[in-house]
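Just follow the structure's listing: the first ligand is 1, and inside any ligand the first atom is 1.
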Amino acid sequence: MGDSGRVVIVGGGILGTMHAIIARRRGFSVVHLEREADGRGASVRNFGLVWVSGRRTGAELALALRARQLWAEIAGFAPGTGFRPAGSLTIATSPAELAVMREAAELADAKQREFELLAPAEVRAVNPALGGEFLGGLYCRADAIVEPRVALPALRSALAGPLSPSYEWLPGTEVVELGANGVRDSRGAWHRGDLVVLCTGANLTGLAGQHLAQTGALASSPGSGGCGLRRVRLQMMQTLPFPGRLTTAVADGDSLRYYPAYEVPSLAALPPQPAVAAASRAQLLLVQRLDGSLTIGDTHAYDEPFGFDVDEDAYDHLLDSAAALLGTALPRVQRRWAGVYTEVAGTGAIYHRSTVCPGVVLVTGPGGRGMTCSPAIAEETFLTIEGLATGSLTTEGTVQP
Ligand SMILES: Cc1cc2nc3c(=O)[nH]c(=O)nc-3n(C[C@H](O)[C@H](O)[C@H](O)COP(=O)(O)OP(=O)(O)OC[C@H]3O[C@@H](n4cnc5c(N)ncnc54)[C@H](O)[C@@H]3O)c2cc1C
(Lines give C-alpha, C1' and ligand atoms only; values in the text may rest on other atoms or scores of the structure.)
Protein backbone atom coordinates (compact mmCIF):
# COMPACT_ATOMS: atom_id res chain seq x y z
CA MET A 1 0.00 0.00 0.00
CA GLY A 2 1.29 3.41 -0.87
CA ASP A 3 0.05 6.89 0.01
CA SER A 4 -2.78 6.49 -2.44
CA GLY A 5 -3.84 3.12 -1.00
CA ARG A 6 -7.45 2.30 -0.28
CA VAL A 7 -8.69 0.32 2.71
CA VAL A 8 -12.13 -1.30 2.93
CA ILE A 9 -13.36 -1.85 6.47
CA VAL A 10 -16.31 -4.09 7.32
CA GLY A 11 -17.97 -3.40 10.68
CA GLY A 12 -18.98 -0.09 12.22
CA GLY A 13 -18.15 -1.03 15.84
CA ILE A 14 -15.21 0.44 17.72
CA LEU A 15 -12.64 -1.90 16.14
CA GLY A 16 -13.74 -1.06 12.61
CA THR A 17 -13.99 2.65 13.40
CA MET A 18 -10.54 2.77 14.99
CA HIS A 19 -9.12 0.94 11.94
CA ALA A 20 -10.71 3.69 9.83
CA ILE A 21 -9.07 6.38 11.96
CA ILE A 22 -5.63 4.79 11.96
CA ALA A 23 -5.88 4.11 8.21
CA ARG A 24 -6.69 7.79 7.56
CA ARG A 25 -3.83 8.86 9.85
CA ARG A 26 -1.53 6.74 7.72
CA GLY A 27 -2.75 8.37 4.53
CA PHE A 28 -5.11 5.74 3.12
CA SER A 29 -8.57 6.45 1.79
CA VAL A 30 -11.25 4.43 3.58
CA VAL A 31 -14.56 2.85 2.59
CA HIS A 32 -16.39 1.78 5.75
CA LEU A 33 -19.28 -0.72 5.52
CA GLU A 34 -21.83 -1.54 8.25
CA ARG A 35 -24.90 -3.71 7.84
CA GLU A 36 -26.98 -1.72 10.36
CA ALA A 37 -27.82 1.97 10.31
CA ASP A 38 -25.12 2.41 12.97
CA GLY A 39 -23.03 0.18 15.24
CA ARG A 40 -25.40 -1.98 17.30
CA GLY A 41 -23.00 -4.51 18.80
CA ALA A 42 -20.81 -4.61 21.90
CA SER A 43 -19.34 -1.18 21.12
CA VAL A 44 -22.56 0.64 22.00
CA ARG A 45 -23.52 -1.71 24.85
CA ASN A 46 -20.42 -1.37 27.03
CA PHE A 47 -19.40 0.85 29.96
CA GLY A 48 -17.10 3.02 27.91
CA LEU A 49 -14.27 2.19 30.26
CA VAL A 50 -10.78 2.75 28.93
CA TRP A 51 -9.52 0.32 31.55
CA VAL A 52 -5.79 0.11 32.14
CA SER A 53 -6.00 -0.96 35.79
CA GLY A 54 -6.93 -4.62 35.38
CA ARG A 55 -4.72 -5.52 32.40
CA ARG A 56 -2.27 -8.39 32.61
CA THR A 57 1.38 -7.45 33.23
CA GLY A 58 3.43 -7.36 30.02
CA ALA A 59 2.11 -7.09 26.46
CA GLU A 60 -1.52 -6.61 27.48
CA LEU A 61 -0.68 -3.69 29.77
CA ALA A 62 1.60 -2.20 27.12
CA LEU A 63 -1.21 -2.43 24.52
CA ALA A 64 -3.70 -0.79 26.90
CA LEU A 65 -1.27 2.02 27.76
CA ARG A 66 -0.61 2.72 24.09
CA ALA A 67 -4.37 2.66 23.47
CA ARG A 68 -4.99 5.04 26.36
CA GLN A 69 -2.48 7.46 24.79
CA LEU A 70 -4.13 7.11 21.37
CA TRP A 71 -7.62 7.62 22.84
CA ALA A 72 -6.50 10.93 24.37
CA GLU A 73 -5.00 12.05 21.04
CA ILE A 74 -8.02 10.95 18.98
CA ALA A 75 -10.49 12.55 21.41
CA GLY A 76 -8.65 15.82 20.79
CA PHE A 77 -10.22 15.97 17.33
CA ALA A 78 -13.39 14.03 18.30
CA PRO A 79 -14.53 15.64 21.56
CA GLY A 80 -18.00 14.14 21.06
CA THR A 81 -16.58 10.80 22.28
CA GLY A 82 -16.87 12.22 25.81
CA PHE A 83 -13.34 11.05 26.62
CA ARG A 84 -12.34 12.10 30.13
CA PRO A 85 -9.28 11.01 32.15
CA ALA A 86 -11.44 10.39 35.22
CA GLY A 87 -9.50 7.46 36.70
CA SER A 88 -11.15 4.66 38.67
CA LEU A 89 -11.55 3.51 42.26
CA THR A 90 -11.80 -0.19 43.11
CA ILE A 91 -13.35 -0.35 46.57
CA ALA A 92 -12.46 -2.88 49.32
CA THR A 93 -15.17 -3.84 51.78
CA SER A 94 -13.22 -6.68 53.44
CA PRO A 95 -9.66 -7.07 54.76
CA ALA A 96 -9.09 -9.83 52.17
CA GLU A 97 -9.92 -7.45 49.29
CA LEU A 98 -7.74 -4.76 50.81
CA ALA A 99 -4.83 -7.21 51.02
CA VAL A 100 -5.12 -7.96 47.28
CA MET A 101 -5.14 -4.24 46.47
CA ARG A 102 -2.14 -3.61 48.74
CA GLU A 103 -0.17 -6.27 46.87
CA ALA A 104 -1.28 -4.95 43.47
CA ALA A 105 -0.21 -1.43 44.47
CA GLU A 106 3.27 -2.77 45.23
CA LEU A 107 3.80 -4.59 41.91
CA ALA A 108 6.63 -3.44 39.67
CA ASP A 109 4.23 -2.00 37.05
CA ALA A 110 1.91 -0.26 39.56
CA LYS A 111 3.50 3.05 38.60
CA GLN A 112 2.54 2.58 34.93
CA ARG A 113 -1.06 1.96 35.99
CA GLU A 114 -0.82 5.01 38.29
CA PHE A 115 -2.05 2.89 41.22
CA GLU A 116 -2.36 4.31 44.72
CA LEU A 117 -3.91 2.57 47.73
CA LEU A 118 -6.18 5.01 49.56
CA ALA A 119 -7.71 5.03 53.06
CA PRO A 120 -11.50 5.58 53.28
CA ALA A 121 -11.21 9.33 53.89
CA GLU A 122 -8.84 9.66 50.92
CA VAL A 123 -11.27 7.69 48.73
CA ARG A 124 -14.04 10.14 49.67
CA ALA A 125 -11.78 13.09 48.98
CA VAL A 126 -11.27 11.78 45.42
CA ASN A 127 -14.89 10.73 44.88
CA PRO A 128 -17.27 12.32 47.42
CA ALA A 129 -20.25 10.40 46.01
CA LEU A 130 -18.95 7.23 47.69
CA GLY A 131 -20.89 7.60 50.94
CA GLY A 132 -21.04 3.92 51.95
CA GLU A 133 -18.95 1.91 54.38
CA PHE A 134 -15.63 0.49 53.13
CA LEU A 135 -12.05 -0.16 54.19
CA GLY A 136 -10.19 1.60 51.37
CA GLY A 137 -9.77 1.78 47.64
CA LEU A 138 -7.28 1.31 44.83
CA TYR A 139 -7.08 4.51 42.79
CA CYS A 140 -6.01 4.07 39.16
CA ARG A 141 -5.37 7.44 37.59
CA ALA A 142 -4.60 5.90 34.18
CA ASP A 143 -8.20 4.74 33.62
CA ALA A 144 -10.53 6.87 31.51
CA ILE A 145 -14.14 6.99 30.34
CA VAL A 146 -15.83 7.52 26.96
CA GLU A 147 -19.53 7.62 26.03
CA PRO A 148 -20.31 4.40 24.14
CA ARG A 149 -23.72 5.48 22.83
CA VAL A 150 -22.27 8.49 21.00
CA ALA A 151 -18.58 7.70 20.51
CA LEU A 152 -18.98 5.95 17.12
CA PRO A 153 -20.87 8.78 15.36
CA ALA A 154 -18.52 11.32 16.98
CA LEU A 155 -15.48 9.49 15.60
CA ARG A 156 -17.09 9.20 12.17
CA SER A 157 -18.00 12.87 11.97
CA ALA A 158 -14.39 13.74 12.78
CA LEU A 159 -13.35 11.40 9.94
CA ALA A 160 -15.89 12.76 7.50
CA GLY A 161 -15.18 16.46 7.98
CA PRO A 162 -14.57 18.70 4.97
CA LEU A 163 -10.81 18.19 5.36
CA SER A 164 -11.20 14.41 5.00
CA PRO A 165 -12.99 13.73 1.73
CA SER A 166 -11.32 10.31 1.61
CA TYR A 167 -13.63 8.69 4.13
CA GLU A 168 -16.84 7.05 2.88
CA TRP A 169 -19.34 5.62 5.40
CA LEU A 170 -21.85 3.16 3.94
CA PRO A 171 -24.39 2.06 6.58
CA GLY A 172 -27.07 -0.48 5.67
CA THR A 173 -24.47 -2.40 3.65
CA GLU A 174 -24.22 -6.07 4.58
CA VAL A 175 -21.20 -7.93 3.27
CA VAL A 176 -22.07 -11.43 2.10
CA GLU A 177 -19.03 -12.64 0.14
CA LEU A 178 -15.25 -12.37 0.30
CA GLY A 179 -12.73 -12.40 -2.53
CA ALA A 180 -9.09 -11.41 -2.95
CA ASN A 181 -8.81 -7.76 -1.85
CA GLY A 182 -12.57 -7.29 -1.99
CA VAL A 183 -15.99 -7.92 -0.50
CA ARG A 184 -19.41 -8.15 -2.13
CA ASP A 185 -22.46 -6.64 -0.45
CA SER A 186 -25.99 -8.05 -0.47
CA ARG A 187 -26.93 -5.76 -3.37
CA GLY A 188 -24.19 -7.32 -5.48
CA ALA A 189 -21.67 -4.45 -5.46
CA TRP A 190 -17.99 -5.27 -4.96
CA HIS A 191 -15.87 -3.02 -2.74
CA ARG A 192 -12.18 -3.49 -3.44
CA GLY A 193 -9.06 -2.13 -1.80
CA ASP A 194 -5.37 -2.66 -1.24
CA LEU A 195 -6.49 -4.11 2.06
CA VAL A 196 -9.84 -5.29 3.46
CA VAL A 197 -10.19 -5.42 7.26
CA LEU A 198 -13.08 -7.45 8.70
CA CYS A 199 -14.12 -6.19 12.14
CA THR A 200 -17.36 -8.10 12.33
CA GLY A 201 -17.48 -8.43 16.12
CA ALA A 202 -19.09 -11.34 17.90
CA ASN A 203 -20.22 -13.00 14.69
CA LEU A 204 -18.15 -16.19 14.58
CA THR A 205 -20.26 -17.81 11.87
CA GLY A 206 -21.23 -15.87 8.75
CA LEU A 207 -18.47 -14.21 6.74
CA ALA A 208 -15.37 -15.49 8.50
CA GLY A 209 -17.00 -18.57 10.01
CA GLN A 210 -15.67 -21.08 7.51
CA HIS A 211 -12.15 -19.70 7.80
CA LEU A 212 -12.26 -19.79 11.61
CA ALA A 213 -13.62 -23.34 11.68
CA GLN A 214 -11.12 -24.61 9.09
CA THR A 215 -8.15 -23.07 10.86
CA GLY A 216 -9.22 -24.46 14.26
CA ALA A 217 -9.38 -20.96 15.73
CA LEU A 218 -12.63 -21.55 17.61
CA ALA A 219 -12.80 -22.76 21.22
CA SER A 220 -15.51 -25.13 19.96
CA SER A 221 -13.22 -26.62 17.24
CA PRO A 222 -12.50 -30.33 17.68
CA GLY A 223 -9.20 -30.82 19.51
CA SER A 224 -8.96 -27.21 20.67
CA GLY A 225 -9.44 -28.22 24.31
CA GLY A 226 -11.73 -25.21 24.72
CA CYS A 227 -8.96 -22.78 23.74
CA GLY A 228 -9.62 -20.20 21.03
CA LEU A 229 -12.33 -17.74 20.10
CA ARG A 230 -15.51 -17.91 22.14
CA ARG A 231 -18.39 -15.60 22.93
CA VAL A 232 -19.36 -14.11 26.29
CA ARG A 233 -22.72 -12.57 27.19
CA LEU A 234 -23.06 -9.79 29.78
CA GLN A 235 -26.05 -8.11 31.44
CA MET A 236 -26.11 -4.33 31.91
CA MET A 237 -28.46 -1.56 33.06
CA GLN A 238 -28.71 2.21 33.24
CA THR A 239 -30.52 4.34 35.82
CA LEU A 240 -32.18 7.72 35.54
CA PRO A 241 -29.82 10.60 36.42
CA PHE A 242 -28.22 10.30 39.86
CA PRO A 243 -28.28 13.58 41.82
CA GLY A 244 -24.62 13.33 42.95
CA ARG A 245 -21.51 13.49 40.76
CA LEU A 246 -19.17 10.50 40.51
CA THR A 247 -15.74 11.89 39.73
CA THR A 248 -14.28 8.45 38.87
CA ALA A 249 -15.44 5.10 37.55
CA VAL A 250 -16.05 2.64 40.40
CA ALA A 251 -15.53 -1.11 40.77
CA ASP A 252 -16.24 -3.39 43.71
CA GLY A 253 -13.97 -6.03 45.25
CA ASP A 254 -15.50 -8.76 43.10
CA SER A 255 -13.77 -7.21 40.08
CA LEU A 256 -10.46 -8.36 41.59
CA ARG A 257 -11.48 -11.90 40.62
CA TYR A 258 -11.97 -11.07 36.94
CA TYR A 259 -8.94 -8.97 36.01
CA PRO A 260 -5.51 -10.59 35.59
CA ALA A 261 -3.67 -7.62 37.13
CA TYR A 262 -4.85 -8.89 40.52
CA GLU A 263 -3.44 -12.40 40.23
CA VAL A 264 -1.30 -11.88 43.33
CA PRO A 265 -0.75 -14.45 46.15
CA SER A 266 -3.41 -12.97 48.47
CA LEU A 267 -6.11 -13.40 45.78
CA ALA A 268 -6.44 -17.04 46.90
CA ALA A 269 -7.57 -15.84 50.34
CA LEU A 270 -10.70 -14.10 49.00
CA PRO A 271 -13.78 -15.89 50.34
CA PRO A 272 -16.27 -17.21 47.74
CA GLN A 273 -18.63 -14.68 46.17
CA PRO A 274 -22.26 -14.65 47.37
CA ALA A 275 -24.14 -17.47 45.60
CA VAL A 276 -26.11 -15.15 43.29
CA ALA A 277 -22.95 -13.33 42.23
CA ALA A 278 -21.06 -16.58 41.72
CA ALA A 279 -23.91 -18.03 39.61
CA SER A 280 -23.87 -15.06 37.22
CA ARG A 281 -20.13 -14.37 37.62
CA ALA A 282 -20.99 -10.83 38.61
CA GLN A 283 -18.72 -7.92 39.38
CA LEU A 284 -19.85 -4.37 39.98
CA LEU A 285 -18.65 -1.73 37.56
CA LEU A 286 -20.29 1.68 37.80
CA VAL A 287 -19.85 4.63 35.46
CA GLN A 288 -21.70 7.92 35.50
CA ARG A 289 -22.72 9.09 32.05
CA LEU A 290 -22.47 12.73 31.04
CA ASP A 291 -26.25 13.14 31.57
CA GLY A 292 -25.87 11.95 35.18
CA SER A 293 -27.31 8.46 34.71
CA LEU A 294 -25.39 5.44 36.02
CA THR A 295 -24.33 2.53 33.83
CA ILE A 296 -24.18 -0.54 36.08
CA GLY A 297 -23.05 -4.09 35.32
CA ASP A 298 -22.00 -6.79 34.75
CA THR A 299 -22.38 -10.56 34.57
CA HIS A 300 -20.61 -13.21 32.45
CA ALA A 301 -22.20 -16.20 30.68
CA TYR A 302 -20.01 -18.53 28.61
CA ASP A 303 -22.28 -21.44 27.73
CA GLU A 304 -24.15 -21.23 24.43
CA PRO A 305 -26.94 -21.04 23.49
CA PHE A 306 -27.21 -17.85 25.56
CA GLY A 307 -30.48 -16.93 27.23
CA PHE A 308 -32.60 -14.53 25.21
CA ASP A 309 -33.88 -12.89 28.39
CA VAL A 310 -32.21 -11.13 31.33
CA ASP A 311 -32.05 -12.43 34.90
CA GLU A 312 -33.37 -10.23 37.73
CA ASP A 313 -31.42 -11.96 40.55
CA ALA A 314 -28.15 -10.72 39.09
CA TYR A 315 -29.60 -7.20 38.70
CA ASP A 316 -30.81 -7.17 42.34
CA HIS A 317 -27.32 -8.12 43.51
CA LEU A 318 -25.61 -5.43 41.41
CA LEU A 319 -28.08 -2.74 42.50
CA ASP A 320 -27.59 -3.65 46.18
CA SER A 321 -23.80 -3.54 45.76
CA ALA A 322 -23.92 -0.14 44.02
CA ALA A 323 -26.30 1.35 46.62
CA ALA A 324 -24.04 0.06 49.44
CA LEU A 325 -20.95 1.77 47.98
CA LEU A 326 -22.80 5.03 47.31
CA GLY A 327 -24.50 4.84 50.73
CA THR A 328 -27.82 5.91 49.26
CA ALA A 329 -30.76 4.64 47.23
CA LEU A 330 -30.29 4.58 43.47
CA PRO A 331 -32.56 6.25 40.92
CA ARG A 332 -34.97 4.00 39.03
CA VAL A 333 -33.44 1.71 36.40
CA GLN A 334 -34.52 3.02 33.02
CA ARG A 335 -32.82 0.57 30.65
CA ARG A 336 -31.65 -3.04 30.78
CA TRP A 337 -29.81 -4.87 28.01
CA ALA A 338 -27.40 -7.68 27.29
CA GLY A 339 -24.33 -7.60 25.08
CA VAL A 340 -22.03 -10.20 23.59
CA TYR A 341 -18.33 -9.94 22.91
CA THR A 342 -15.79 -12.36 21.49
CA GLU A 343 -12.59 -13.23 23.32
CA VAL A 344 -9.61 -15.54 22.78
CA ALA A 345 -9.72 -18.05 25.63
CA GLY A 346 -6.93 -20.12 27.07
CA THR A 347 -4.15 -19.33 24.60
CA GLY A 348 -2.62 -16.29 26.28
CA ALA A 349 -3.48 -14.20 23.22
CA ILE A 350 -4.83 -10.68 23.61
CA TYR A 351 -6.94 -10.72 20.43
CA HIS A 352 -7.18 -12.49 17.07
CA ARG A 353 -5.86 -11.36 13.69
CA SER A 354 -5.63 -13.68 10.68
CA THR A 355 -5.63 -13.56 6.89
CA VAL A 356 -8.92 -14.92 5.60
CA CYS A 357 -7.99 -14.72 1.93
CA PRO A 358 -5.38 -12.66 0.03
CA GLY A 359 -5.69 -9.01 1.02
CA VAL A 360 -8.46 -9.69 3.57
CA VAL A 361 -7.64 -9.62 7.28
CA LEU A 362 -9.97 -10.50 10.15
CA VAL A 363 -9.48 -8.68 13.46
CA THR A 364 -11.68 -9.72 16.37
CA GLY A 365 -11.72 -11.24 19.85
CA PRO A 366 -10.43 -8.43 22.08
CA GLY A 367 -12.88 -9.58 24.77
CA GLY A 368 -13.78 -7.21 27.56
CA ARG A 369 -10.95 -4.87 26.61
CA GLY A 370 -12.04 -3.97 23.07
CA MET A 371 -13.29 -0.48 23.85
CA THR A 372 -9.99 0.17 25.63
CA CYS A 373 -7.51 -1.40 23.24
CA SER A 374 -9.12 -0.82 19.82
CA PRO A 375 -6.93 2.13 18.73
CA ALA A 376 -3.73 0.24 19.57
CA ILE A 377 -5.02 -2.98 17.95
CA ALA A 378 -5.78 -1.01 14.78
CA GLU A 379 -2.31 0.50 14.86
CA GLU A 380 -0.83 -3.02 15.18
CA THR A 381 -2.84 -4.17 12.15
CA PHE A 382 -1.18 -1.55 9.96
CA LEU A 383 2.27 -2.10 11.49
CA THR A 384 1.89 -5.84 10.85
CA ILE A 385 0.70 -5.42 7.26
CA GLU A 386 3.35 -2.82 6.45
CA GLY A 387 6.00 -4.96 8.17
CA LEU A 388 4.99 -7.97 6.08
CA ALA A 389 5.22 -5.87 2.94
CA THR A 390 8.76 -4.78 3.76
CA GLY A 391 9.77 -8.23 4.97
CA SER A 392 10.59 -7.09 8.50
CA LEU A 393 7.86 -9.22 10.03
CA THR A 394 7.59 -12.90 9.28
CA THR A 395 4.48 -13.93 11.14
CA GLU A 396 0.92 -12.82 11.58
CA GLY A 397 -2.06 -14.31 13.27
CA THR A 398 -3.24 -14.21 16.81
CA VAL A 399 -0.99 -11.80 18.61
CA GLN A 400 0.73 -13.39 21.59
CA PRO A 401 1.71 -11.48 24.71
C1 LIG B 1 -21.77 -5.37 28.09
C2 LIG B 1 -20.35 -5.13 27.65
C3 LIG B 1 -19.54 -4.28 28.39
C4 LIG B 1 -18.22 -4.03 27.96
N5 LIG B 1 -17.49 -3.08 28.60
C6 LIG B 1 -16.27 -2.72 28.10
C7 LIG B 1 -15.57 -1.63 28.65
O8 LIG B 1 -16.07 -0.89 29.49
N9 LIG B 1 -14.30 -1.40 28.19
C10 LIG B 1 -13.73 -2.16 27.21
O11 LIG B 1 -12.57 -1.94 26.88
N12 LIG B 1 -14.44 -3.13 26.58
C13 LIG B 1 -15.69 -3.43 27.01
N14 LIG B 1 -16.41 -4.40 26.38
C15 LIG B 1 -15.85 -5.07 25.21
C16 LIG B 1 -16.03 -4.20 23.96
O17 LIG B 1 -17.28 -3.60 23.96
C18 LIG B 1 -15.82 -5.08 22.72
O19 LIG B 1 -14.59 -5.76 22.79
C20 LIG B 1 -15.81 -4.21 21.45
O21 LIG B 1 -16.92 -3.35 21.44
C22 LIG B 1 -15.78 -5.08 20.20
O23 LIG B 1 -15.86 -4.20 19.10
P24 LIG B 1 -16.09 -4.73 17.62
O25 LIG B 1 -16.04 -3.54 16.74
O26 LIG B 1 -15.19 -5.89 17.37
O27 LIG B 1 -17.55 -5.40 17.65
P28 LIG B 1 -19.02 -4.76 17.48
O29 LIG B 1 -19.21 -3.55 18.30
O30 LIG B 1 -19.97 -5.89 17.73
O31 LIG B 1 -19.09 -4.32 15.96
C32 LIG B 1 -19.15 -5.24 14.89
C33 LIG B 1 -19.98 -4.60 13.81
O34 LIG B 1 -19.84 -5.36 12.61
C35 LIG B 1 -21.07 -5.34 11.94
N36 LIG B 1 -21.12 -6.49 11.02
C37 LIG B 1 -21.03 -7.80 11.34
N38 LIG B 1 -21.11 -8.56 10.23
C39 LIG B 1 -21.24 -7.70 9.17
C40 LIG B 1 -21.37 -7.89 7.77
N41 LIG B 1 -21.38 -9.12 7.21
N42 LIG B 1 -21.48 -6.80 6.97
C43 LIG B 1 -21.48 -5.53 7.52
N44 LIG B 1 -21.36 -5.32 8.85
C45 LIG B 1 -21.23 -6.39 9.67
C46 LIG B 1 -22.08 -5.45 13.07
O47 LIG B 1 -23.37 -5.02 12.67
C48 LIG B 1 -21.46 -4.58 14.14
O49 LIG B 1 -21.93 -3.24 14.10
C50 LIG B 1 -17.72 -4.68 26.82
C51 LIG B 1 -18.55 -5.55 26.09
C52 LIG B 1 -19.86 -5.76 26.48
C53 LIG B 1 -20.74 -6.68 25.68
Atom 8 (O) of ligand 1 sits nearest the protein heavy atom Leu49 N, 3.1 Å
What protein heavy atom sits nearest atom 6 (C) of ligand 1, and how far away is it? Asn46 CB, 3.4 Å
Treating His300 as the side-chain partner and Arg281 as the backbone partner, does any N or O pair qualify as donor plus acceptor under 3.5 Å? yes
Arg369 neighbourhood, listing ligand 1 atoms whose heavy-atom distance to it stays under 4.0 Å: 10 (C), 11 (O), 12 (N)
Ignoring hydrogens and angles, state whether a donor on the side chain of Gln238 or Ser293 is under 3.5 Å from an acceptor on the partner side chain. yes
Determine whether the side chain, the backbone, both or neither of Asp298 has a heavy atom under 4.0 Å from any heavy atom of ligand 1. neither
Proximal atoms of ligand 1 relative to Thr372 (non-hydrogen, under 4.0 Å): 9 (N), 10 (C), 11 (O)
Atoms of ligand 1 close to Val10 [distance to a heavy atom under 4.0 angstrom, numbered from 1]: 42 (N), 43 (C)
Does a side-chain N-to-carboxylate-O contact under 4.0 Å join Arg257 and Glu97? no
Filtering Ala67, Cys199, Gly367 for the heavy atom nearest atom 15 (C) of ligand 1 leaves Gly367
State plainly whether the residues Arg66 and Glu380 are in salt-bridge range, i.e. N to O under 4.0 Å. no
Ion pair Arg141/Glu114, N-O distance below 4.0 Å: no
Provide the number and element of each atom of ligand 1 under 4.0 Å from a heavy atom of Gly39. 49 (O)
Would you please say whether a donor-acceptor pair under 3.5 Å links the side chains of Thr17 and Arg156? no
Options Tyr341, Trp337, Tyr351, ranked by nearest heavy atom to atom 51 (C) of ligand 1, top entry: Tyr341
Hey, are Asp252 and Gln283 close enough side-chain-wise for a donor-acceptor pair under 3.5 Å? no
Look at the aromatic rings of Phe28 and Phe382 and report parallel, tilted or perpendicular, splitting at 30° and 60°. parallel
Give me the residue, atom name and distance of the protein heavy atom closest to atom 39 (C) of ligand 1. Thr200 CG2, 3.7 Å
Should the pair Arg230-Glu304 be classified as a salt bridge under the 4.0 Å nitrogen-to-oxygen rule? no
Is the closest N or O pair between Leu207 and ligand 1 shorter than 3.5 Å? no
Answer yes or no for Gly48: is there a heavy-atom contact with ligand 1 below 4.0 Å? yes
Compare every heavy atom of Arg353 with every heavy atom of Ile377, then report the nearest pair and how far apart it is. O-NH2, 3.3 Å
Touching ligand 1 at all, Thr173? Heavy atoms, strictly under 4.0 Å? yes
With atoms numbered from 1 as shown, which atoms in ligand 1 lie under 4.0 angstrom from a non-hydrogen atom of Arg45? 1 (C), 2 (C)
Got the closest protein heavy atom to atom 28 (P) of ligand 1, with its distance? Ser43 OG, 3.7 Å
Are a donor atom and an acceptor atom from the side chains of Thr57 and Asp109 found within less than 3.5 Å of each other? yes
Measure from atom 36 (N) of ligand 1 to every heavy atom in Arg35, Arg40, His32, Arg233 and give the option owning the shortest one. Arg35
Within the supplied structure, the quantity of interest is the number of heavy atoms (other residues, nucleotides, ligands) at a distance under 6.0 Å from Gln210 CD; does it exceed 12? no
Identify, for atom 34 (O) of ligand 1, the protein heavy atom at the shortest distance, and state residue, atom and that distance. Gly11 CA, 3.3 Å
Of all the non-hydrogen atoms in the protein, which one sits nearest to atom 47 (O) of ligand 1, and at what distance? Glu34 OE2, 2.6 Å
If you count the atoms of ligand 1 from 1 in the order shown, which ones are under 4.0 Å from a heavy atom of Val340? 53 (C)
Could you tell me the residue and atom name of the protein heavy atom closest to atom 13 (C) of ligand 1, and the distance to it rounded to 0.1 Å? Gly368 O, 3.4 Å
Would one find an N or O of Pro366, backbone or side chain, under 3.5 Å from an N or O of ligand 1? no
Evaluating non-hydrogen atoms only, which member of Ala42, Gly370, Gly13 is closest to atom 30 (O) of ligand 1? Ala42
Without swapping roles, check the side chain of Gln288 against the backbone of Gly292 for a donor-acceptor pair under 3.5 Å. yes
Starting from atom 53 (C) of ligand 1, what is the nearest protein heavy atom, named by residue and atom, and what distance separates them? Gly339 C, 3.5 Å
So is Asp38 polar-close to ligand 1, meaning N/O to N/O under 3.5 Å? no
